[in-house]
Amino acid sequence: MTRHFLSVADLTPAKARELLTLAHDIKVHPEAYRQALSGQTLGMIFQKSSTRTRVSFEVGMYQLGGHALFLSSQDIQIGRGETIADTAQVLSRYLDAIMARVFGHDILEDLAAHGSIPVVNGLSDLLHPCQTMADALTLAETWSPAGGFDPNALAGKTLVYVGDGNNMAHSLLYTGAVFGMNVTVVAPRGYWPDLGVMDRARAIAAETGAVLAVTDDTVAGVVGADCIYTDVWASMGQEEEAAQRLRDFAGFQVDSAMMGRANTGAVFMHCLPAHRGEEVSAEVCDGPQSIIFDEAENRLHAQKAILVDLMQKR
Ligand code: CP
Ligand code: NVA
């Protein structure tokens, strides 16, 4: 059966740790993987803008000996109404895998259901799993004992996500659950995570010991945080709600006072792009606790691991 990478919730804790260990090995020994995907092609379908996802996947394929094709949904026939089912079947005859950034998560599921090659979620309205695997890699590096790398370093730590209960919040909840890392989402009422996602994340967390919580309390909610994470208040596709959201999220900015309530040594993360002065102050975003660019770099290494895992012929 063709394997896909659509959600971190689909990974067993052991598989998630294996992927992080592989990502770390690829990061430290990139030369050992130069031919890992030799002769293989990844098609990259984009319904939305991207800097990091597009560039890191394209560079990642090149570094693994393969090739990547950028396919704007406006430029292929999907944009003129060709079905996802037909697109998936046709692309499966040319490509070795598909990465897609889409609005509805069902589009990814349709690509996976109708194609015969692996599908990777490069962000949907529901989830952003490549981002949170890169985040898990970054936090495991940060919290591992000096000189070592241990994916178990995430277990028992606490990540507090402050902001919209969106695709990032959902994938961080799943990632925390799978790795045994506590996740609190601090968001205004009305912007809390999807209940179906919460239920599934809680079911996973019951097995791993992660504690998951949701609150609108920006004071008590961040106490005990080892990492404070945020994302934009208006995601791609929500541009028309931006002004209303700016009002609704007042008081939810990650600033120095909020970082001061976290644990000593806590780090700040953001999937980027960031809006300084909105969801995060410039002082925090560009301050000493911020690891946003290590996080962005790790998209490359984490995704190379995902691609090798799905595509390498054994
Ligand atoms: N974080 C992230 O996915 O960035 P892009 O939208 O630039 O790909
Ligand atoms: N929540 C954001 C993440 C961007 C990487 C969005 O969907 O636009």
Side-chain angles (χ1 to χ4, degrees), residues 5-8 23 42-61 68 70-73 98-108 120-139 159 161-175 183 185-188 191-194 197 227 229-242 244-246 248-249 252-254 268-276 278-280 285 290-304 306-307:
F5 183 78
L6 302 187
S7 170
V8 177
L42 175 75
M44 310 190 297
I45 300 174
F46 281 90
Q47 287 187 329
K48 299 176 176 177
S49 305
S50 172
T51 298
R52 280 146 288 271
T53 305
R54 177 179 174 177
V55 176
S56 57
F57 267 103
E58 186 158 342
V59 169
M61 277 304 290
F70 174 72
L71 305 167
S72 160
S73 65
I98 295 171
M99 184 279 290
R101 166 166 288 197
V102 298
F103 288 98
H105 191 76
D106 55 326
I107 296 175
L108 295 168
V120 177
N121 180 355
L123 180 148
S124 68
D125 287 346
L126 188 68
L127 298 171
H128 197 4
C130 289
Q131 178 68 53
T132 61
M133 286 302 286
D135 298 338
L137 174 63
T138 312
L139 288 172
L159 181 149
Y161 172 90
V162 184
D164 187 20
N166 61 13
N167 45 11
M168 280 309 311
H170 294 159
S171 281
L172 286 168
L173 284 161
Y174 283 151
T175 301
V183 176
V185 174
V186 180
Y191 293 97
W192 284 13
D194 178 81
V197 170
C227 169
Y229 198 118
T230 191
D231 181 20
V232 292
W233 290 336
S235 285
M236 290 181 278
Q238 298 174 331
E239 288 75 10
E240 286 178 4
E241 298 172 28
Q244 181 62 46
R245 284 168 171 267
L246 212 50
D248 293 345
F249 281 90
F252 285 77
Q253 183 184 86
V254 179
F268 169 74
M269 297 180 88
H270 192 311
C271 55
L272 304 177
H275 294 80
R276 291 168 177 78
E278 293 186 18
E279 74 275 4
V280 59
C285 200
S290 175
I291 55 171
I292 57 173
F293 298 117
D294 294 328
E295 180 185 2
E297 178 191 328
N298 278 339
R299 292 293 301 278
L300 175 67
H301 311 299
Q303 289 159 195
K304 284 169 76 176
I306 291 164
L307 293 170

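Atoms within a ligand are numbered from 1 in the order they appear, just like the ligands themselves. Only heavy atoms go into these numbers, but all of them, side chains included; no hydrogens, no water, no symmetry mates. Residue numbers run from 1 in the order of the sequence given.
A cation-pi arrangement is found for Arg54 relative to Phe70, the charged atom lying closer than 6.0 Å to the ring centre and inside a 45° cone about the ring normal.
Residues satisfying the side chain to side chain contact (heavy atoms under 4.5 Å, CB included) test with Gln47, not counting sequence neighbours, are Ser73, Val102, Phe103, Ile107.
The single protein non-hydrogen atom nearest to atom 3 (C) of ligand 2 is Asp231 OD2, 3.6 Å, given as residue, atom name and distance. The single protein non-hydrogen atom nearest to atom 8 (O) of ligand 2 is Met236 N, 2.8 Å, given as residue, atom name and distance.
The side chain of Asn167, and not its backbone, has at least one atom closer than 4.0 Å to an atom of ligand 2 (non-hydrogen atoms only; side chain from C-beta on). Of the heavy atoms in Asp164, none comes closer than 4.0 Å to ligand 2.
Below 4.0 Å from some heavy atom of Leu123 lie the following atoms of ligand 2, by number and element: 3 (C), 4 (C), 5 (C), 7 (O). Near Leu272, meaning under 4.0 Å from one of its heavy atoms, ligand 2 places the atoms 5 (C).
With hydrogens and angles left out, the side-chain atoms of His270 and Glu295 include no donor and acceptor closer than 3.5 Å.
Between Ser235 and ligand 2, at least one pair of N/O atoms sits closer than 3.5 Å.
Below 30°, between 30° and 60°, or above 60°: for Trp233 and Phe249 the angle between ring planes is below 30°, a parallel geometry.
A donor-acceptor contact shorter than 3.5 Å is absent between the side chain of Asn298 and the backbone of His301. With Ser235 contributing its side chain and Gln238 its backbone, the two residues share no donor-acceptor pair below 3.5 Å.
Side chains of Tyr191 and Asp248 form a contact here, defined as non-hydrogen atoms less than 4.5 Å apart.
With respect to Lys48 and Asp125, a salt bridge is recorded, a charged nitrogen being found less than 4.0 Å from a carboxylate O.
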Anything under 3.5 Å between an N or O on ligand 1 and a protein N or O? List each pair with its distance, or write none.
residue  : atom  : partner : partner atom : Å
ligand 1 : 1 (N) : Gln131  : OE1          : 3.0
ligand 1 : 1 (N) : Cys271  : O            : 2.9
ligand 1 : 1 (N) : Leu272  : O            : 2.9
ligand 1 : 1 (N) : Arg299  : NH1          : 3.4
ligand 1 : 3 (O) : Thr53   : OG1          : 3.1
ligand 1 : 3 (O) : Arg101  : NH2          : 2.9
ligand 1 : 3 (O) : His128  : NE2          : 2.8
ligand 1 : 3 (O) : Arg299  : NH1          : 3.0
ligand 1 : 4 (O) : Arg52   : NE           : 2.8
ligand 1 : 6 (O) : Arg101  : NH1          : 2.8
ligand 1 : 7 (O) : Thr51   : N            : 2.7
ligand 1 : 7 (O) : Arg52   : N            : 2.8
ligand 1 : 7 (O) : Arg52   : NE           : 3.2
ligand 1 : 7 (O) : Arg52   : NH2          : 3.0
ligand 1 : 8 (O) : Ser50   : OG           : 2.6
ligand 1 : 8 (O) : Arg52   : N            : 3.4
ligand 1 : 8 (O) : Thr53   : N            : 2.8
ligand 1 : 8 (O) : Thr53   : OG1          : 2.7
ligand 1 : 8 (O) : Arg101  : NH1          : 3.4
ligand 1 : 8 (O) : Arg101  : NH2          : 3.3

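Using a non-hydrogen distance threshold of 4.0 Å, Asp125 does not register as a contact of ligand 2.
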What do the steps show when you test Tyr229 against Phe268 for ring-ring contact (aromatic ring centres under 6.0 Å, His included), and what is the final call?
CA-CA 6 Å; Tyr229 198 118; Phe268 169 74; 7.8 Å; no
